[in-house]
Amino acid sequence: TWGNHHGIAKRSGLDFIEYPYFNGATKAFDEAGMLQALEKADPGSVVLLHACAHNPTGVDPSKESWMKIADLMAKKNHIPYFDSAYQGFASGDVDNDAWAIRTFVDRGFQMLISQSFAKNMGLYGERVGTLQLVCADPSAAENVLSQLKILIRQNYSNPPIHGASIANKILNTPEHYKHWLV
């Protein structure tokens with residue numbers, strides 16, 4: 001995975017265990033290796049997944065592989081944490097590149113999603129993105145939101161607004177959104 005993931009986990013006091021992902025001999029996704037590692041992982045583990053355009057390999061699971069991953073994660077009660085930094089770059093279609101995330105949501109997973117707009121909106125220096133959490137019900141969402149507000153206040157309080165304003169305008173103005181998709 002992306003090198004910064006290790007540092008983030010370490011500084012957060014979390015154990016970070018890598019799972020097989022890329023088979024260097026076949027230059028392809030290592031489905032068997034990943035599934036075996038997920039099977040061995042402690043139940044309820046948070047599993048970091050790249051939604052598309054895996055960094056650093058660029059190799060993504062097929063839709064069939066994603067379904068197998070979702071099946072096993074549901075069986076083991078794992079919590080998906082999707083990193084989506086290159087949406088629109090893998091297939092050229094932002095909807096297609098969100099397929100795995102939407103599939104996990106449709107299957108009822110509670111999960112986390114980090115979405116970056118740095119690359120796909122050309123806002124790299126602005127560090128624009130979102131953290132989205134999918135909760136089981138409105139009560140759980142309320143509880144999570146209250147904790148996130150505390151963390152945000154303690155961490156950075158007031159984030160820069162310029163890049164977020166640009167992303168908001170692109171995503172919420174039909175004409176701009178249409179041009180962004182091109």
Side-chain angles (χ1 to χ4, degrees), residues 1-19 21 34-35 37-52 54-55 61 66-88 94-95 97-121 123 126-172 177:
T1 189
W2 182 52
N4 276 357
H5 288 144
H6 299 276
I8 292 167
K10 183 178 179 181
R11 284 178 187 78
S12 299
L14 302 171
D15 292 328
F16 192 92
I17 301 167
E18 289 197 25
Y19 53 80
Y21 185 86
M34 181 178 180
L35 292 174
L38 292 177
E39 181 67 50
K40 288 181 182 177
D42 291 339
S45 292
V46 175
V47 179
L48 180 63
L49 304 163
H50 292 243
C52 66
H54 179 269
N55 185 0
W66 276 121
M67 295 304 288
K68 291 177 186 177
I69 293 165
D71 289 342
L72 182 53
M73 289 186 64
K75 176 182 142 194
K76 296 284 292 190
N77 293 312
H78 293 328
I79 301 166
Y81 188 151
F82 278 99
D83 178 357
S84 181
Y86 298 97
Q87 186 178 358
V94 295
D95 288 324
D97 286 355
W99 187 89
I101 294 171
R102 289 189 178 117
T103 297
F104 277 65
V105 169
D106 290 346
R107 292 193 55 177
F109 280 93
Q110 295 188 83
M111 55 196 249
L112 302 97
I113 306 153
S114 293
Q115 172 74 53
S116 172
F117 296 112
K119 296 154 196 86
N120 63 10
M121 286 190 180
L123 298 171
E126 301 298 330
R127 311 311 287 171
V128 178
T130 65
L131 173 64
Q132 302 161 61
L133 289 97
V134 178
C135 300
D137 56 58
S139 175
E142 249 183 72
N143 292 338
V144 168
L145 182 59
S146 75
Q147 295 304 300
L148 283 175
K149 286 179 178 178
I150 293 167
L151 290 171
I152 288 167
R153 181 72 177 151
Q154 294 171 349
N155 190 24
Y156 53 80
S157 190
N158 295 302
I161 196 166
H162 181 76
S165 296
I166 294 170
N168 182 53
K169 187 161 192 139
I170 291 169
L171 293 173
N172 292 300
Y177 184 74

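Since the model is a prediction, treat every value here as computed from it, not as a measurement. Both backbone and side-chain heavy atoms feed into the values below; hydrogens, waters and symmetry mates do not.
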Taking the side chain from Y19 and the backbone from L48, do they hold a donor-acceptor pair closer than 3.5 Å?
-> yes
Side chain K119, main chain Y86, donor-acceptor under 3.5 Å | no
With side-chain hydrogen bond (donor to acceptor under 3.5 Å, both in side chains) as the test, would you mind laying out the steps for Q115 and T130 before giving the verdict?
-> CA-CA 5 Å; Q115 172 74 53; T130 65; 5.8 Å; no
Check L123 against G163 and note the closest heavy-atom contact, atom names and distance.
-> CD1-O, 3.8 Å
Minimum-distance pair of heavy atoms, taken over all atoms of V144 and C135 = CG2-SG, 3.9 Å
Stepwise side-chain contact (heavy atoms from CB on, under 4.5 Å) test for L35 and I69 | CA-CA 7 Å; L35 292 174; I69 293 165; 4.0 Å; yes
Could you tell me which non-hydrogen atom of G44 sits nearest to which non-hydrogen atom of I79, and how far apart they are?
-> O-CD1, 4.0 Å
Distance-only, no hydrogens or angles: does the H50 side chain make a donor-acceptor pair with backbone N or O of D83 under 3.5 Å?
-> no
Decide yes or no for M121 and I166: does some side-chain heavy atom of the first lie under 4.5 Å from some side-chain heavy atom of the second?
-> no
Answer yes or no: is there a donor N or O on one side and an acceptor on the other, between the side chain of Q87 and the main chain of V94, under 3.5 Å?
-> yes
A118 backbone acceptor or donor facing S116 side chain under 3.5 Å | yes
Stepwise side-chain contact (heavy atoms from CB on, under 4.5 Å) check, R107 with T103 = CA-CA 6 Å; R107 292 193 55 177; T103 297; 4.3 Å; yes
Which atom names give the shortest non-hydrogen contact between N143 and S146, and what distance separates them?
-> O-OG, 2.8 Å
Full working for side-chain contact (heavy atoms from CB on, under 4.5 Å) between F117 and I170 = CA-CA 11 Å; F117 296 112; I170 291 169; over 6 Å; no
Answer yes or no: are there more than 12 heavy-atom neighbours, outside E39 itself, under 6.0 Å from its atom CD?
-> yes
Between the side chain of R102 and the main-chain N/O of D95, is any donor-acceptor distance below 3.5 Å?
-> yes
Mind checking whether F82 and W66 have parallel, tilted or perpendicular rings, split at 30° and 60°?
-> tilted
For F109 and A70, work out which heavy atoms get closest and say how close.
-> CZ-O, 3.3 Å
Heavy-atom closest pair (V128 atom, A167 atom, distance to 0.1 Å) is CG1-CB, 3.8 Å
Within-4.5 Å side-chain heavy-atom neighbours: L38 and M73 | yes
For atom CG of D15, decide whether the heavy atoms of other residues, nucleotides or ligands shown that lie under 6.0 angstrom number more than 12.
-> no
Can K10 be said to sit on top of F16's aromatic six-ring, NZ or CZ under 6.0 Å from centre and within 45° of the ring axis?
-> no
State whether the side chain of N155 and the backbone N or O of L151 hold a donor-acceptor pair below 3.5 Å, judged by distance alone.
-> no
Quick one: do L49 and M34 satisfy side-chain contact (heavy atoms from CB on, under 4.5 Å)? Show the steps, please.
-> CA-CA 11 Å; L49 304 163; M34 181 178 180; 3.4 Å; yes
